[in-house]
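Lettering follows sequence order; numbering is per chain, from 1.
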Number of protein chains: 4
Amino acid sequence: MTEQKPTKRQDILDAAIVLFAERGYNGTTVPMIAEAAKVGAGTIYRYFDHKENLVNVLFQEKVKQLSHHLMQGYPNDSSIREQFRHIFQRIHHFAIGDSHALHFIDSHCSEIFLTEESNQVFDSFIQYICDVIEVGQKRGEIILMQTEALIGIVYGAIVQILKMLRSDVLDGSEHLMKSIEECCWNAIRSH
Amino acid sequence: MTEQKPTKRQDILDAAIVLFAERGYNGTTVPMIAEAAKVGAGTIYRYFDHKENLVNVLFQEKVKQLSHHLMQGYPNDSSIREQFRHIFQRIHHFAIGDSHALHFIDSHCSEIFLTEESNQVFDSFIQYICDVIEVGQKRGEIILMQTEALIGIVYGAIVQILKMLRSDVLDGSEHLMKSIEECCWNAIRSH
Amino acid sequence: MTEQKPTKRQDILDAAIVLFAERGYNGTTVPMIAEAAKVGAGTIYRYFDHKENLVNVLFQEKVKQLSHHLMQGYPNDSSIREQFRHIFQRIHHFAIGDSHALHFIDSHCSEIFLTEESNQVFDSFIQYICDVIEVGQKRGEIILMQTEALIGIVYGAIVQILKMLRSDVLDGSEHLMKSIEECCWNAIRSH
Amino acid sequence: MTEQKPTKRQDILDAAIVLFAERGYNGTTVPMIAEAAKVGAGTIYRYFDHKENLVNVLFQEKVKQLSHHLMQGYPNDSSIREQFRHIFQRIHHFAIGDSHALHFIDSHCSEIFLTEESNQVFDSFIQYICDVIEVGQKRGEIILMQTEALIGIVYGAIVQILKMLRSDVLDGSEHLMKSIEECCWNAIRSH
DNA sequence: AATGAATGAGTGTTCATTCAT
DNA sequence: GATGAATGAACACTCATTCAT
């Protein structure tokens, strides 16, 4: 009576992301996912055409969640410095709330089994940040350089830091995260 | 006169690194490697005990090559700024010369099938850079912060940039690389 | 109504014993068993962890069947002569009903892939006959000699005879079997 | 200077019989034989067309050696009792001198990879004993029964006993062997 | 003659996917 | 809808056999 319909589907996705993040797509078997989701192996195929479909659905869903997360409380009217801080903090917050999602996204974002659509979803996420940077460049707050390069620097740095958080190489104290955020900003701000 | 001795072994390693970099360890089958190396499947087992052994040998070899590359012409007596530039340029140079190696290293460095030895080889590479950063901190050239975090920022940024070079999102013009290097330095230098 | 449950498992065991008896463990491939059992190769692994597990399960099952067969209608209170006749006849009867089982047991009973448990099951079967012989010796019906030697003589003779029955070198007429039984008894009875 | 030509061939045969006896035909690989014989793997194919050929040559050679062994000092003019004792003792002697041969013969004599010729060689060995038994029957020293059955009993018993000697279940003391020989004779002698 | 590196068909085993229940 | 037994193609790995040296 209490359980809604799409529970099983969600159970599958929830189980899958943990396994994909920890063992990779090819290191994860469908029976593994079924067991972790407490679901029959055949049930997975009622919701997803095949394993590739599952990973693509999951990928798109998570990237969209991350994007939405970024938008929440977005300080449109503040300085680019403020916007940057917001983005950094929201990504960090997202990674705390869903400890596997960011690692899953990062470790699967250039895999060959992603569909065109999945790639587009990821690209628009990146594009979103690109846009912020471009505005920052116009306003003279950010260095003038190929935008993709700036994204790369910041994105690479953040993802690596969060990877290290996940594996407890770093503690995620507020103070440390604040310093790291500042480092990232220093990388791209105009001097 | 027709062929050197250790050709087959090298052929296998050369074929394997490309496939591992592009498809991951689990996404790469032994027959794929055999075909790419133009070698019988059984031949691979004359040189490597099993697939895990192959990936470990390859990983250690490539990390060591990268380390040696870093050392060449290392400006021991220069400023940390100079040393940092050297490291950046050498990594870049390494990535140009062996376009799959860095991606292979980065995407496999935390996989569970790596042996203790492989992990140690990678750790000493990281440690080497750590040491430089620590000296920089003592000399007041680099910001005071947990060394691992600084490494994470710089390493993450560089690897991401080189990934983008590989996939032609960025051109690797000297001018651009110089700017990127400066960005990375700005992230961690003391202001 | 169409089929019982544990059919597949039994199909596999039934197919395997024939092949193991005729070709030996190492001469029998899993695909051979699958084909003979009219079952997919993968199905075998739903019921048995691996080939060694299959041969051990089969071995223990057959030795236990043989033991039970021996017990049925066992003339506990009769003379050792009667008991010996019973054992001989029951082994013969067993071999008639399951023409591969005894050969399978005999040709695999000292193989290195048998588990400790399998060896124990076989040993208790042998021990059972040993006990009868020892009682016979105490009662003066059987010659005084190392029990193992007596077992060896009788067991070796019986197994060889049944081997020859299987390959139609001998017909298994009641008269002949009766004579053979007497020969075996004569080998060990006290004169 | 000292080494004759057919040394390598003999080395291979000597190594092969040990392995075949201990691990069976299918459990023995050609490289195993090569290593044990201290010979290159390819060398085996200079002397034997293939593995099956090797095992057949070996089988025939060993059966013939056993047959010759039986003949040596054969007491043609003695009683069948004497002849039986001779046969038993010579087989025992053969098994002592070449500890793997009898086991090899027995465990391979009904394998499907034996050629027609191998089977014939083995059959003539059996036939030889059959003839003795038949004479014994005519002279009234041996029970009247299908000769093959009598052979089976005695052959089975002897082989089993020698198997147990090999695996140290029995000690091979002269006294014990004498008793066993008598048991075997009692099995088939006319009373 | 002798070698052993090389091969690829064949082995034991796994796993994405189907389908009768 | 949900299941999990069943499948067979594909995997990692082995080994009888060949052949350049």
S.K.: Between B:N26 (CG) and E:dA16 (C1'), how many Å, whole number?
M.R.: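 Interatomic distance, CG of B:N26 to C1' of E:dA16: 15 Å.
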S.K.: What is the distance, to the nearest angstrom, from the NZ atom on B:K38 to the P atom on E:dT7?
M.R.: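 Rounded to whole Å, this separation is 13 Å.
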S.K.: Please give, in whole Å, the distance from F:dA10 P to B:R23 CZ?
M.R.: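 The distance from CZ of B:R23 to P of F:dA10 comes to 14 Å, rounded to the nearest Å.
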S.K.: Does E:dA2 have its OP1 or OP2 closer than 4.0 Å to a side-chain nitrogen or oxygen of D:Y47?
M.R.: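 Checking E:dA2 against D:Y47, a side-chain N or O does come within under 4.0 Å of OP1 or OP2.
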S.K.: Here's a test of your reading of the structure: between B:I44 and C:P31, which maps to the more 5' nucleotide of DNA chain E?
M.R.: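 Looking at DNA chain E, the more 5' nearest nucleotide goes with B:I44.
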S.K.: Identify whether any heavy atom of C:T43 sits under 4.0 Å from a base atom; if not, whether one sits that close to sugar-phosphate; answer base, sugar-phosphate or nothing.
M.R.: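 It contacts base atoms.
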S.K.: Give a yes-or-no answer on whether the side chains of A:N56 and A:Q60 include a donor-acceptor pair shorter than 3.5 Å.
M.R.: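 Not at all, the side chains of A:N56 and A:Q60 share no donor-acceptor pair under 3.5 Å.
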S.K.: Nearest-Å distance, CD1 (A:I33) to P (E:dT14)?
M.R.: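 Answer to the nearest Å: 18 Å.
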S.K.: What is the distance from CE of B:M32 to C1' of F:dA12, rounded to the nearest Å?
M.R.: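 After rounding, the reported distance stands at 13 Å.
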S.K.: Nearest-Å distance, CD1 (C:I12) to P (E:dG12)?
M.R.: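 Result: 14 Å.
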S.K.: Please figure out whether C:V39 or D:E52 has its closest DNA chain F nucleotide nearer the 5' end.
M.R.: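 That would be C:V39.
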S.K.: Which of the following nucleotides, E:dT18, F:dC13, F:dA16, is nearest to the side chain of B:H50?
M.R.: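 The closest nucleotide is F:dC13.
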S.K.: Between F:dA12 atom C1' and B:F48 atom CZ, what is the distance in whole Å?
M.R.: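 Rounding to the nearest Å, CZ of B:F48 and C1' of F:dA12 are 16 Å apart.
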S.K.: Counting side-chain heavy atoms from C-beta on, which of F:dA6, E:dA16, E:dT3 comes nearest to C:K8?
M.R.: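 Of F:dA6, E:dA16, E:dT3, F:dA6 is nearest to the side chain of C:K8.
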S.K.: Answer with base, sugar-phosphate or nothing: what part of the nucleic acid does B:V30 contact at a heavy-atom distance below 4.0 Å?
M.R.: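 If one applies the 4.0 Å heavy-atom cut-off, B:V30 turns out to touch the sugar-phosphate alone, with no base involved.
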S.K.: Grab the CD-C1' distance between C:E35 and F:dT7 for me, whole Å please.
M.R.: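 Rounded to whole Å, this separation is 15 Å.
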S.K.: Check for me whether the distance between the ring centres of C:F104 and C:H100 falls short of 6.0 Å.
M.R.: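 Ring-ring flag for C:F104/C:H100: false, centres at least 6.0 Å apart.
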S.K.: Using Watson-Crick or G-U wobble geometry with both distances under 3.5 Å, which nucleotide pairs with F:dT21?
M.R.: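 Pairing partner: E:dA2.
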S.K.: Side chain of C:K51 only, please: which of E:dT13, F:dC11, E:dA16 is the nearest?
M.R.: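 Looking only at side-chain atoms, C:K51 lies closest to E:dT13.
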S.K.: Does the ring of C:Y25 carry C:K51 above it, NZ/CZ under 6.0 angstrom from centre and within 45° of its axis?
M.R.: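 Yes, C:K51 lies over the aromatic ring of C:Y25.
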S.K.: Between C:K64 and C:E117 (salt bridge meaning N to carboxylate O under 4.0 Å), is one present in this structure?
M.R.: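 No, this pair does not count.
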S.K.: Using the rule side chain to side chain contact (heavy atoms under 4.5 Å, CB included), only one of A:I33, A:N53, A:V55 pairs with A:F48; which is it?
M.R.: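 When A:I33, A:N53, A:V55 are each tested with A:F48, the side chain to side chain contact (heavy atoms under 4.5 Å, CB included) holds only for A:N53.
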S.K.: Side-chain N or O of D:R46 less than 4.0 angstrom from OP1 or OP2 on E:dA1?
M.R.: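 Yes, within the criterion.
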S.K.: Measure from the side-chain heavy atoms of A:Y45 and tell me the nearest of F:dA16, E:dA16, F:dC11.
M.R.: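 Out of F:dA16, E:dA16, F:dC11, the nucleotide with an atom closest to A:Y45's side chain is E:dA16.
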S.K.: Once you apply the 3.5 Å cut-off to both distances, tell me the Watson-Crick or G-U wobble partner of E:dA9, or none.
M.R.: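 Paired with F:dT14.
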